[in-house]
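Below you'll find the structure, written out as structure tokens, and then a few comments.
Just so we're on the same page: letters track the sequence lines, and every chain starts at 1.
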2 protein chains.
Amino acid sequence: MARRVTLIDVARHAGVSRTTASYVLTGAGRVSTATRERVQASIETLGYVYNEGAASLRRKGRTIGVIVPNIDRPFFGEVLSGVESTFTASGYMALMVSTRDRLDQQARLLRMLREHQVAALAIIPATGSNHDLVSSIRSWDVPTVFLSRYVLGATEPYVGSDEVLGGYLAADHLVRAHRCRSITYLGGPKLGVARIDRLTGVHRALAESGSEVNLVDLTCESTVEAGIRAGHELAGSGLPDGIICHNDTVALGVARALFDAGHAGATRIIGYDDIATAQASIPSLTSVATNGRLLGETAASALLAVISGAEPAVRSHLAEPQLIVRESCGDHA
Amino acid sequence: MARRVTLIDVARHAGVSRTTASYVLTGAGRVSTATRERVQASIETLGYVYNEGAASLRRKGRTIGVIVPNIDRPFFGEVLSGVESTFTASGYMALMVSTRDRLDQQARLLRMLREHQVAALAIIPATGSNHDLVSSIRSWDVPTVFLSRYVLGATEPYVGSDEVLGGYLAADHLVRAHRCRSITYLGGPKLGVARIDRLTGVHRALAESGSEVNLVDLTCESTVEAGIRAGHELAGSGLPDGIICHNDTVALGVARALFDAGHAGATRIIGYDDIATAQASIPSLTSVATNGRLLGETAASALLAVISGAEPAVRSHLAEPQLIVRESCGDHA
DNA sequence: TTGTAGGCGTTATCAT
DNA sequence: ATGATAACGCCTACAA
């Protein structure tokens, strides 16, 4: 097995010094076109490949840590696709890890990322993340952007969507267009900031409506199965006029359970995120669209800006969600 | 901004040599418990963090490249979650990239991964990958496992599911349980190996059945929208007795289109992969289950085995898919 | 059990 | 425009 070919080999082969060879690689320093071409040729024939690891010992590295609660949840998948493509397009690579939404995992992975010298960090914090996370990141002193979920008291840039507005849009629609008098908010981790914000929006919509609305607040896991279970419980204990689900996956489960319980179309169901299959479901799912992919791209760009030091102080960015009205809250009651 | 604290600092602070300090980190070499504790303490108080990058210059690195066609497709998301958790559990980190199923992207990303000195490679090759990919990887000489899709002529370990069997199960069900006389296979890239294998299975089932069956073979993108379009076309040109879709996403789109065209329940629909929402759809979707997460875990474990050199020759592994029969091919025609 | 010293492949500083 | 040389932080014979 042949020894790795190094920059020194290239330099020797081209009859120049390491420095010059390095210059043609990085583009820095001025090199005559003649030598440049000679070096390029040597690189070709020798089959040299750049050693990013070694280079990182001197200059800043080109890998970025990406922390996500669940890599297999459709919405996060969309976000990740945006993040990843933006990074690799700029020559960076994403070191992706999934915390399974657990704080201990998050801490462990954070440490690993640190040992890997990532140049920056994009993180969708695990539910329950508090100032410990923030101060841990601060002491580390690496460019960071929070994504999709924020941490109270954090001052680092945050890219997400306006959860309050999202909750408002959903509730407003139920109350105004459908005159709902009882609404259930279902799903999400009890302590999640997104959940709390959306409920704030819901309350606001209810208050504005002026009418008396009974709001019930239920928690569940973000899985189809949990949605189905919750749906059956709701069917048993009396259906509200409308249900706002924490995400589409849960909403689909609920719809299924109500169908099985003989309550198809008996109430309005609104999902969240507008994942790809929401439009295909029967009935098609009304949902608050957040465009995860764009979110990921925006966050990644912001982070790249911080890294290159271009931006003096990157402000946070809140995207406006949009209510996509479909059949699941039509008036077929 | 304080200078990075290095192992030398730790050694100095603990009053030992670099070697000793390094030994307590790696566990190699014998160190007295007394000194070990002293060093540990110094590490704590100084806030030392291991520099994986620097270490990789001497020993083998601990990052693994993971190449995937589309990070945002539910099935791949499941696979990735298995891959990632297995790697990080073993102290490795996954450098994930998405090729968008394009060969040029794949080549580019492969090069980047190489520059990043990944210790191994797990790859779901882009559609159309041929021996060029294989030989490129071979010349590079890095432990590799192919995942979910294989490349003809590749001898490296492959972890996937038995596509032929999957196609067989679906077709056999349609022909035997539902006496279908016309079947359409819909979706997937025309050249995809999975597609070809599944069709082989379909043909086998038809042959075994002994009856005359008209098989139509249609291609489409793996999106809900494409499924909807295809569904409308099918509705216009006459429905077959049964439709086998290349994946659940397409299947859901087709079901929706048929519903809209007034053909709800007019034919049997079978999906592939059994993603989470398949069971929730109305009607619930019959699907060939492949357990992506397990696939990812298996592949990652295999790769880790190869890395540690334990396994002399890791054989490939084909998981048996399973047909989950649900309402979408019930007898409500 | 602990210390010495050389090397991993690159970048950056300072001459020339 | 190009070259010599010192880092960067760690690992690992080899010596003590």
Quick one: is [N] close enough that its OP1 or OP2 comes under 4.0 Å of any side-chain N or O from [X]?
X       : N      : value
B:Thr6  : D:dG9  : no
B:Tyr23 : D:dA13 : no
A:Ser22 : C:dT11 : yes
B:Thr20 : C:dG3  : yes

Looking only at the side chain of [X] (C-beta and beyond, no hydrogens), which of the listed nucleotides [options] gets closest?
X       : options               : answer
B:Ser17 : D:dC8, D:dC10, C:dT4  : C:dT4
A:Thr19 : D:dG9, C:dT10, D:dT5  : D:dT5
B:Tyr50 : C:dG9, C:dT11, D:dC10 : D:dC10
B:Tyr48 : D:dC10, C:dA12, C:dT1 : D:dC10
A:Val16 : C:dT10, D:dG3, D:dA1  : D:dG3

ask   = Would you find more than 12 non-hydrogen atoms of other residues, nucleotides or ligands less than 6.0 Å from A:Glu221 atom CD?
value =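 No - once you tally the heavy atoms of other residues, nucleotides and ligands closer than 6.0 Å, there are 12 at most.
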For [X] and [N], what is the distance between atoms [atom1] and [atom2] respectively, to the nearest whole Å?
X        : N      : atom1 : atom2 : answer
B:His116 : C:dG9  : NE2   : C1'   : 15 Å
A:Arg59  : C:dT13 : CZ    : P     : 15 Å
B:Asp9   : D:dG9  : CG    : P     : 9 Å
B:Arg4   : D:dA7  : CZ    : P     : 18 Å
B:Arg38  : C:dT1  : CZ    : P     : 14 Å
B:Ile8   : C:dT4  : CD1   : C1'   : 13 Å
A:Leu7   : D:dT5  : CG    : P     : 17 Å
A:Glu115 : D:dG9  : CD    : C1'   : 14 Å

key: B:Val151 and its side-chain contact (heavy atoms from CB on, under 4.5 Å) partner, picked from B:Leu133, B:Val193, B:Ile137   =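 That would be B:Leu133; it is the only one of B:Leu133, B:Val193, B:Ile137 passing the side-chain contact (heavy atoms from CB on, under 4.5 Å) with B:Val151.
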message = Looking at B:Arg18 and C:dG6, is any side-chain donor or acceptor paired with a base atom of the opposite kind under 3.5 Å?
response =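 For B:Arg18, whose side chain was compared with the base of C:dG6, there is a donor-acceptor pair (under 3.5 Å).
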Presence of donor-acceptor pair under 3.5 Å, side chain of B:Arg58 and base of D:dC11 =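 Between D:dC11 and B:Arg58, which were checked side chain against base, a qualifying N/O pair under 3.5 Å is present.
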task = Pick base, sugar-phosphate or nothing for A:Ser56, based on heavy-atom distances below 4.0 Å to the nucleic acid.
result =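 Nothing, no heavy atom under 4.0 Å.
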request  = Indicate whether any N or O donor in one side chain lies under 3.5 Å from an N or O acceptor in the other, for B:Ser32 and B:Thr35.
outcome  =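 Side-chain D/A pair, B:Ser32 to B:Thr35: present.
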inquiry  = Side chains of B:Glu297 and B:Ser85 only: does a donor on one sit below 3.5 Å from an acceptor on the other?
reply    =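 No, because no side-chain N or O of B:Glu297 sits under 3.5 Å from a partner of the opposite role on B:Ser85.
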ask   = When you look at A:Leu7 and A:Leu25, which way does the side-chain contact (heavy atoms from CB on, under 4.5 Å) test go after all the steps?
value = CA-CA 10 Å; A:Leu7 195 49; A:Leu25 280 191; 3.9 Å; yes
